Amino acid sequence: MSGPLLLSHPACLEHRAPDHPERPERLTAIREAIGADPLTAGLEWAQPPDATDAELEAAHRPGYVEAVLRAARRADEDGRGGWVDADTWIGPGSRAAALASAGGAVEAVRQVLGGGRRTAWSLTRPPGHHATRDVAMGFCLLNNVAVGAGAALAAGLERVAIVDFDVHHGNGTQDVFYERADVLYISTHQWPLYPGTGARTERGRGAGEGFTLNVPMAAGG
């Protein structure tokens, strides 16, 4: 079995929104740190393929996928973008970066489930855990981890666990799987903080009751 695989895509390094905190330098810093450490400098890198519409629709409503990709394609054609909300930008390069980022999650799953890797890491952007089934928000256009979980289930896994340890609650990932029993969603996050979701009482609904576990924490906790 081969060692860990690191997945990255040039589109994720090139995509930039004006004066936005979610910027390519985040990935550049990670890549430089990996290259400077003797324990990780020799790890293999690969470029993931774009996620397909079918893979995206495992996490998002088909109409949403069509709408967000259409808006991103128009931004490429016009050479200018616009704000979806106060935090979230769609501009030139958004389509390529978002499809590569979601594709990175799918390829990481494929590499591990295929038996070739014990671990795979997708170092891509934009992020995804705030994107719900049909709303882009919080810097996120497509929910990468939800798309990856969908790929794992489509490959034959009966159950998937997602552990989200970002400082913000992944409201989008919770939304995608809130009524499902095949994905356990666990989130540790600062509380109170954006986006204002992630209370302990949010535990899932219907068949998904008990398959959402939120652990809100005080700052510095």
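On a predicted model such as this, the values are computed, not experimentally measured, just so you know.
- Judged by the 6.0 Å and 45° rule, Arg31 forms a cation-pi pair with Trp45.
- Counting only distance, with no hydrogens or angles, the side chain of Glu107 and the backbone of Gly104 share no donor-acceptor pair below 3.5 Å.
- Side chain of His189 to main chain of Gly198: a donor-acceptor pair is present (N/O by atom type, distance under 3.5 Å, no hydrogens or angles).
- Residues Met217 and Trp191 do not share a hydrophobic cluster, clusters being chains of Ile/Leu/Val/Met/Phe/Trp/Tyr side chains in contact below 4.5 Å.
- Open room surrounds CD on Glu158; 12 or fewer heavy atoms of other groups in view lie less than 6.0 Å from it.
- Asp78 places no side-chain N or O within 3.5 Å of a backbone atom of Arg80 that could act as its donor or acceptor partner.
- Proximity of a side-chain donor or acceptor of Tyr185 to a complementary backbone N or O of Gly170 within less than 3.5 Å is detected.
- Remark: Glu77 does not engage Arg74 in a salt bridge, criterion side-chain N to carboxylate O under 4.0 Å.
- With hydrogens and angles disregarded, a donor-acceptor distance shorter than 3.5 Å links the side chain of His20 to the backbone of Asp87.
- Leu27 contributes atom CG, which lies 7.0 Å from atom OG1 of Thr124 (distance to the nearest 0.5 angstrom).
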>> Quick one, Leu142 with Leu56, criterion side chain to side chain contact (heavy atoms under 4.5 Å, CB included). Give me CA distance, side-chain angles, the key distance, then yes/no.
In response: CA-CA 8 Å; Leu142 300 170; Leu56 297 177; 3.9 Å; yes
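- Atom CZ of Arg23 has more than 12 neighbouring heavy atoms from other residues, nucleotides or ligands inside a 6.0 Å radius.
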What pairs of donor and acceptor atoms, side-chain ones from residues 89-100 against any protein atom, are under 3.5 angstrom apart with sequence neighbours left out?
unit_1	atom_1	unit_2	atom_2	d
Ser94	OG	His15	NE2	3.3
Ser94	OG	Gly91	N	2.8
Ser94	OG	Gly91	O	3.1

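- Salt-bridge formation is not detected for the pair Arg133/Glu57: no Lys NZ or Arg NE/NH1/NH2 atom is positioned less than 4.0 Å from an Asp or Glu carboxylate oxygen.
- In the hydrophobic cluster analysis, where Ile, Leu, Val, Met, Phe, Trp and Tyr join through side-chain heavy atoms closer than 4.5 angstrom, Val112 is grouped apart from Val106.
- Under a cut-off of 6.0 angstrom, the local environment of CH2 in Trp121 is sparse, with at most 12 non-hydrogen atoms contributed by other residues, nucleotides or ligands.
- Using a 4.0 Å cut-off between charged nitrogen and carboxylate oxygen, Glu66 and Arg61 do not count as a salt-bridge pair.
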>> Between Asn214 and Gln174, is the side chain to side chain donor-acceptor pair (under 3.5 Å) condition met? List the steps.
In response: CA-CA 10 Å; Asn214 285 303; Gln174 175 175 292; 2.9 Å; yes
>> One pair to check against side chain to side chain contact (heavy atoms under 4.5 Å, CB included): His60 and Asn143. What are the steps and the verdict?
In response: CA-CA 8 Å; His60 296 287; Asn143 195 308; 3.7 Å; yes
>> Under the criterion side chain to side chain contact (heavy atoms under 4.5 Å, CB included), I'd like the reasoning laid out for Ile34 against Leu123: C-alpha separation, chi angles, the key distance, then a yes or no.
In response: CA-CA 11 Å; Ile34 290 172; Leu123 303 177; 3.7 Å; yes
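- In this structure, Tyr194 has its ring center no closer than 6.0 Å to that of His169.
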> Between Thr132 and Thr173, is a side chain to side chain contact (heavy atoms under 4.5 Å, CB included) present by the stated rule, with each step listed?
Replying inline: CA-CA 7 Å; Thr132 72; Thr173 311; over 6 Å; no
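- Of the charged side-chain nitrogens involved, at least one lies within less than 4.0 Å of a carboxylate oxygen, so that Arg26 and Glu22 count as a salt-bridged pair.
- Counting Ile, Leu, Val, Met, Phe, Trp and Tyr side chains that sit under 4.5 Å apart, directly or through other members, Leu7 shares a hydrophobic cluster with Leu5.
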